[in-house]
Amino acid sequence: MWKLLSGVLADELDHHMGEQMFELQKVVGGGTRGAKQQLVIDNTVAGNSRRRSTNLAMAWIDYKK
């Protein structure tokens with residue numbers, strides 16, 4: 001039952017993010033890079049925002065397969 005529920009949730013999340021976000025913002029689903037690569041990108045984006053003194057809004061969704 002858990003595998004079915006998590007599969008449905010992952011599919012719905014992938015569908016929603018595909019509709020609502022630009023392709024470069026999407027970090028979950030098939031064909032994406034690993035977690036370590038995404039953390040490096042997040043760190044770079046946050047550092048760039050601090051250096052330029054610009055506003056930045058980020059959200060992370062953590063779910064297990």
Side-chain angles (χ1 to χ4, degrees):
M1 186 60 111
W2 173 250
K3 284 190 175 193
L4 177 63
L5 178 62
S6 63
V8 170
L9 288 175
D11 188 49
E12 287 295 319
L13 179 63
D14 188 46
H15 178 71
H16 175 75
M17 292 190 67
E19 288 180 346
Q20 302 297 323
M21 301 184 85
F22 295 112
E23 195 62 33
L24 293 175
Q25 293 175 313
K26 184 179 168 189
V27 295
V28 298
T32 59
R33 295 184 169 102
K36 186 174 182 180
Q37 178 82 17
Q38 296 304 329
L39 289 173
V40 170
I41 292 170
D42 286 346
N43 191 23
T44 303
V45 169
N48 189 12
S49 178
R50 268 192 302 274
R51 190 172 60 251
R52 292 179 173 199
S53 298
T54 58
N55 293 331
L56 176 65
M58 299 175 92
W60 295 271
I61 301 171
D62 185 18
Y63 70 95
K64 292 184 180 183
K65 290 184 178 180

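Considering only residues two or more places apart in sequence or on other chains, Thr54 meets the side-chain hydrogen bond (donor to acceptor under 3.5 Å, both in side chains) condition with Ser49. Residues forming a side-chain hydrogen bond (donor to acceptor under 3.5 Å, both in side chains) with Arg50 (at least two apart in sequence, or on another chain): none. Among residues two or more places apart in sequence or in another chain, the side-chain hydrogen bond (donor to acceptor under 3.5 Å, both in side chains) test is passed with Asp11 by none.
Under the 4.5 Å side-chain heavy-atom criterion for Ile, Leu, Val, Met, Phe, Trp and Tyr, Leu4 and Leu9 are members of distinct hydrophobic clusters.
Atom CG of residue Asn43 and atom CG of residue Asn48 lie 11.0 Å apart, to the nearest 0.5 angstrom.
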